[in-house]
Protein chains: 4
Amino acid sequence: MRRTPPCAGRKGRPRSAEADTAILEATRAALVDLGWSKLTMSDVAARAGVAKTTLYRRWAGKNELVVDAVAILFDELELPDRGSLAEDAQGVVLQFAALLERPEARTALMAVVAESTRDEALRTRIRHAIVDRQKRLVLEGRRRAQERGELPREADESAASRTADLIFDVVAGAVVHRSLVSAEPVDEEWARSFTVLLLGGLAAASRPAPSAG
Amino acid sequence: MRRTPPCAGRKGRPRSAEADTAILEATRAALVDLGWSKLTMSDVAARAGVAKTTLYRRWAGKNELVVDAVAILFDELELPDRGSLAEDAQGVVLQFAALLERPEARTALMAVVAESTRDEALRTRIRHAIVDRQKRLVLEGRRRAQERGELPREADESAASRTADLIFDVVAGAVVHRSLVSAEPVDEEWARSFTVLLLGGLAAASRPAPSAG
Amino acid sequence: MRRTPPCAGRKGRPRSAEADTAILEATRAALVDLGWSKLTMSDVAARAGVAKTTLYRRWAGKNELVVDAVAILFDELELPDRGSLAEDAQGVVLQFAALLERPEARTALMAVVAESTRDEALRTRIRHAIVDRQKRLVLEGRRRAQERGELPREADESAASRTADLIFDVVAGAVVHRSLVSAEPVDEEWARSFTVLLLGGLAAASRPAPSAG
Amino acid sequence: MRRTPPCAGRKGRPRSAEADTAILEATRAALVDLGWSKLTMSDVAARAGVAKTTLYRRWAGKNELVVDAVAILFDELELPDRGSLAEDAQGVVLQFAALLERPEARTALMAVVAESTRDEALRTRIRHAIVDRQKRLVLEGRRRAQERGELPREADESAASRTADLIFDVVAGAVVHRSLVSAEPVDEEWARSFTVLLLGGLAAASRPAPSAG
DNA sequence: TTGTAATCGAGACGGTACGTCCAGTCTTTAG
DNA sequence: CTAAAGACTGGACGTACCGTCTCGATTACAA
C-alpha cells in the first residue's frame with residue numbers, strides 16, 4: 001500500500017497515525033473540489049496540515065495516493081439479503097451507481113484507470129485495492145441464489161469462475177458506462193431493465209442448447 | 001470542434017489544412033509513445049512541424065485536441081452483415097476490443113472521460129464526437145435482426161430507444177471494463193459467452209412474464 | 001531613413017502619404033501610453049489603422065521606427081536670440097529640459113541609446129537623425145557670441161570643433177543626467193547655476209594659463 | 001534589493017549563497033555576450049547552473065536583476081589622492097570612462113535608465129544601488145581640495161549640496177554622453193579639456209560677481 | 001539519562017510544461 | 001504592385017507543480 005514499510009526498523013519517531021487519516025481525507029476533499037487534474041500534492045498537504053515531505057514518505061506519487069484514498073469508498077458496498085436474486089442484483093446496481101454519483105469516486109476511478117493503461121504497477125494496485133475486492137459481491141450473490149435454488153450449483157469450477165468474471169465485467173461496466181460516459185441517470189427503472197436483461201441472459205447461458213426463444 | 005471558426009471572415013491568410021491533419025496525427029503518435037499524462041502540447045507541435053501557437057489557435061487545450069484526435073478512430077468500427085444477430089454482435093465486440101488494444105485509444109478514452117467528470121463542455125464534446133456516433137452500430141444491428149425475423153418489430157418507439165441505449169451501455173461498458181479495468185483479453189471465447197448472455201437477456205426482456213427459469 | 005525608397009516603381013497602388021504620418025504619430029502615442037518595452041508593432045499598426053506589413057515595408061524594425069518617430073521632436077529646439085550668450089545658453093537648456101519632460105522623448109531617447117550600444121547601424125542612425133542635427137545649436141550660439149564679441153574668434157579650426165563637441169556633450173549630458181538619472185527638475189535656478197559654470201569654464205579654457213584661482 | 005527578504009523566517013531550507021553569486025556573474029557575462037535586449041532569464045539561469053524558478057524567487061524580473069548585477073561594478077570607482085583637484089578630477093573621469101567601455105556596464109546602464117522612465121520603483125532602485133553611491137566621489141574630492149586650500153570652505157550647507165549635485169550631473173552626464181551618445185573616445189586629452197572647463201567653471205561660480213574675465 | 005534515529009513542518013532546489021505574447025514573415029483577397 | 005487582414009514559425013515570458021533536498025525541531029525507544 002505504502003511506499004516504505006512503516007515498521008521498518010524499531011527506533012526513531014514513529015509515523016503519525018493521524019497524519020494518514022488526515023491525508024486521505026484531504027485527498028478526497030481535494031478531489032471533490034478540484035477534480036483529478038487540478039489536484040496537487042501541495043494542495044493536499046496544505047489541507048491535511050502536513051508537509052509535502054510527509055506525503056512522499058508514504059506514497060510514491062499522486063496516483064498511488066488517490067488509489068488508496070478512494071479504495072475505501074468501494075468497501076462501503078454491501079449485499080444485504082433482499083430475498084431474491086433479482087432484488088439483490090438491482091440493489092447492488094443502485095448502490096454502485098450511488099457511489100459513482102460522488103464526485104471523488106467518479107473522477108478518481110476513471111483517472112486512475114486512465115493512468116493505469118501505461119503503468120503496470122498502478123494497474124496491479126488498482127485491481128488489488130479496488131476491483132478484486134468487489135468480486136465478492138458477485139460471488140456472494142450467486143451463493144445465495146444457489147441456496148435459494150434460483151441458480152443451479154456449478155460442477156465445473158473454472159467455468160463458474162469465468163462466469164463470475166463475465167458478470168462482474170457486465171455489471172460494473174454497464175453501470176460505469178451509463179453513469180460516466182453516457183451521463184444518464186442510473187435510476188430504478190434502468191436498474192430493473194438491466195437486471196431483467198442480466199438474469200435472462202444468465203438463464204439462457206446456463207441452458208445447454210443456445211436456442212434463443 | 002475547434003476553438004475559433006476557421007472561416008470567420010474572408011480576408012487574411014487561410015488556415016493550413018495540412019496543419020490540421022499533421023497535428024491530429026502527431027497527437028495520436030504522441031499518445032502511443034508517451035501516454036496521456038506525459039503528452040505535452042510542445043511535443044505535439046514539434047512532431048507536427050508546427051508552432052505551439054497554431055495548436056492553441058485551433059484547440060482550447062490538451063483535452064479538446066485529444067478528443068478530436070481519437071474520435072476518428074472510433075469511426076472505423078463497422079458492422080458487416082455476418083448472417084445472424086449473434087454473429088453480428090460477436091463481430092462488433094471483437095472489433096471494439098481490437099480498437100481498445102491500440103494504446104492511443106485505450107489511454108485517451110479513459111483520460112478524457114476522467115477529465116469530463118469535471119467539465120460539462122468536454123463531456124458534451126465527447127458524446128458528440130465519440131459516443132453518440134457509435135450508437136448507430138446498435139441501431140443498425142437491430143434493424144437487420146428485425147429484417148431477418150430474429151427480433152420482433154417494436155411498437156413503442158421510446159421503449160425501443162431505451163432498449164437500444166441499454167444495449168449500448170452494456171456492450172460498450174462490458175468490453176471496456178474487461179479490457180481496461182480487469183485487464184483480461186477480449187478473445188473469441190469471451191465474446192461468445194458475452195453474446196450468449198446478451199442475446200439471452202434480450203430475448204428474456206422481450207418476453208412478457210419475467211420468470212427466470 | 002526608410003527601408004525602401006518610396007518612389008521605387010511607378011505602377012500599382014501608390015503608398016499612402018497619410019499612412020506615414022499616422023504611423024509616426026501612433027508610435028509616439030504608444031510610447032507615451034506604454035513605454036518602450038511594452039510597445040509592440042502590432043499595437044502601433046492597430047493605432048495607425050494600418051497593417052503590420054505596411055510597417056515592415058517602410059522600417060526595418062522597432063528601433064528604426066522609434067528613432068524616426070522621435071527624431072522630429074528634437075527638431076523643435078530653436079535658438080532665438082536673447083541678447084547674450086548666457087541668456088541663449090540658459091534658454092536652450094530649458095528648452096531641452098522641457099522636451100525631456102515629454103514621456104515619448106525621455107523613454108525613447110534612452111531606449112534607443114541603450115539598443116545602440118550593441119548595434120552599429122542603429123548608433124549611426126541615431127547620430128544622423130538626432131545627435132548631429134542638434135550641434136547646430138552650439139555652433140549657432142558660438143557664432144552669435146563671437147559676433148557680439150563675447151567670445152574670441154578661433155584661429156585653429158580643429159580646436160574649435162573639439163571645443164564645440166565638448167560643450168555639446170557637457171550641455172546635453174548634464175541636462176539628460178539631471179532629468180533622467182538624478183530625476184531632479186531642471187528649473188530656472190538649476191539652469192542659471194549650470195550656465196554660470198559652463199560659461200565660466202569656457203572663459204577659463206580660452207585663457208592661456210590654467211591657474212585655478 | 002531582492003524580491004523577498006532572504007531572512008524572512010527561520011524555518012525551511014536556507015537560500016544558497018553561492019547561487020546569488022553565480023547568478024549575478026552569469027548576468028554580467030550574458031550582458032557582455034548578448035546585450036540587454038537579447039538577454040533572457042532562461043539563458044542567465046542556464047549559465048548560472050540554476051533553475052529559472054530560483055531567479056524569479058529572488059528578483060522580480062530582468063530589470064531588477066540587471067540593476068543588482070551591474071551595481072557592483074560602479075563600486076569599483078575610487079579616488080586615490082593624486083595631489084591636486086585637477087588631477088583627482090581627471091582621474092575619476094578616466095576611471096568612469098574605462099568602466100563605460102565595459103560592454104556589460106554601457107548596455108546595462110542605459111537600458112535600466114530607459115526602463116526606469118516608466119517605472120518609479122525601478123528608478124528608486126537605480127538611485128539607491130548606483131547613482132547616490134557615486135556622489136561620494138564628488139564629496140570626497142571637494143573635501144580634499146578644501147584641505148589643500150584649492151577650494152574655499154562653504155558656509156551655506158544647502159548651497160554646498162546643490163553645487164555637489166550640479167557637479168555630479170555635469171561630470172557623469174558629460175562622460176556618459178561623450179561615450180555612449182556621441183560615441184567618441186574619452187581619452188586623456190578630452191579628460192584634460194573637460195577638467196579645465198569644469199574647474200574653471202567652479203572657480204567662476206564661487207566668485208561673487210559674474211564678471212567673466 | 002542520554003544517545004540515536006526516524007519523524008515532523010517549512011521551504012528552497014533543479015526541472016518541465018504551461019498558455020500567452022510578440023517579432024517578423026508569408027499568403028490570401030481587394031483595390 | 002500595394003494595401004489590409006490575419007495565419008504562420010519561433011522563441012521568451014512568468015507561473016505552477018513536480019519530486020528532492022536541506023534545515024532545525026520533535027519524539028520515541030534503546031543503552
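Here is how names work: the chains are called A, B, and so on, in the same order as the sequence lines, proteins then strands, and each is numbered from 1.
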Legend entry - C:Thr124 (side chain) donor-acceptor with C:Glu120 (main chain) under 3.5 angstrom: yes
Inset, instruction - Please check if the side chain of A:Arg118 supplies one atom and the backbone of B:Val32 the other of a donor-acceptor pair under 3.5 Å. - result: yes
Legend entry - Euclidean distance, B:Glu104 CD relative to B:Leu39 CG, rounded to 0.5 Å: 12.0 Å
To the nearest Å, how far apart are [X] [atom1] and [N] [atom2]?
X        : N      : atom1 : atom2 : value
D:Tyr56  : E:dG11 : OH    : P     : 23 Å
A:Glu115 : F:dC18 : CD    : C1'   : 14 Å
C:Met41  : E:dG24 : CE    : P     : 6 Å
A:Ile23  : E:dT7  : CD1   : P     : 13 Å
B:Asn63  : E:dC18 : CG    : P     : 12 Å
D:Lys11  : E:dT7  : NZ    : P     : 19 Å
B:Glu64  : E:dC18 : CD    : P     : 14 Å
C:Leu65  : E:dG24 : CG    : C1'   : 14 Å

Legend entry - Side-chain ion pair, A:Arg123 and A:Asp119, N-O less than 4.0 Å: no
Legend entry - Sidechain N-carboxylate O distance under 4.0 Å for A:Lys38, A:Asp33: no
Legend entry - Touch class at under 4.0 angstrom, heavy-atom based, for D:Gly61 against every strand present: nothing
Inset, instruction - Tell me what C:Leu55 touches on the nucleic acid: a base, only sugar-phosphate, or nothing, going by heavy atoms under 4.0 Å. - result: nothing
Less than 4.0 angstrom between a side-chain N/O of [X] and OP1 or OP2 of [N], yes or no?
X       : N      : answer
D:Arg13 : E:dG14 : no
B:Thr53 : F:dA7  : no
A:Arg15 : E:dA6  : no
C:Arg57 : F:dT2  : no
B:Ser42 : E:dC18 : yes

Inset, instruction - Check whether the side chain of B:Lys52 and the base of F:dG11 form a donor-acceptor pair under 3.5 Å. - result: no
Inset, instruction - Would you mind telling me which of F:dC8, F:dT20, E:dG15 lies closest to the side-chain atoms of B:Arg58? - result: F:dC8
Inset, instruction - Between D:Pro14 and B:Pro14, just flag the one whose closest nucleotide in DNA chain E comes earlier from the 5' side. - result: D:Pro14
Inset, instruction - Name the residue closer to the 5' end of DNA chain E, choosing between C:Lys38 and D:Ala48 according to the nucleotide with the nearest heavy atom. - result: D:Ala48
Inset, instruction - Between B:Thr54 and D:Gly12, just flag the one whose closest nucleotide in DNA chain F comes earlier from the 5' side. - result: B:Thr54
Legend entry - First of D:Leu39 and A:Asp43 reached from the 5' end of DNA chain F, by closest nucleotide: D:Leu39
Legend entry - Smallest separation among heavy atoms of D:Val50 and D:Thr54, with atom names: CG1-CB, 3.6 Å
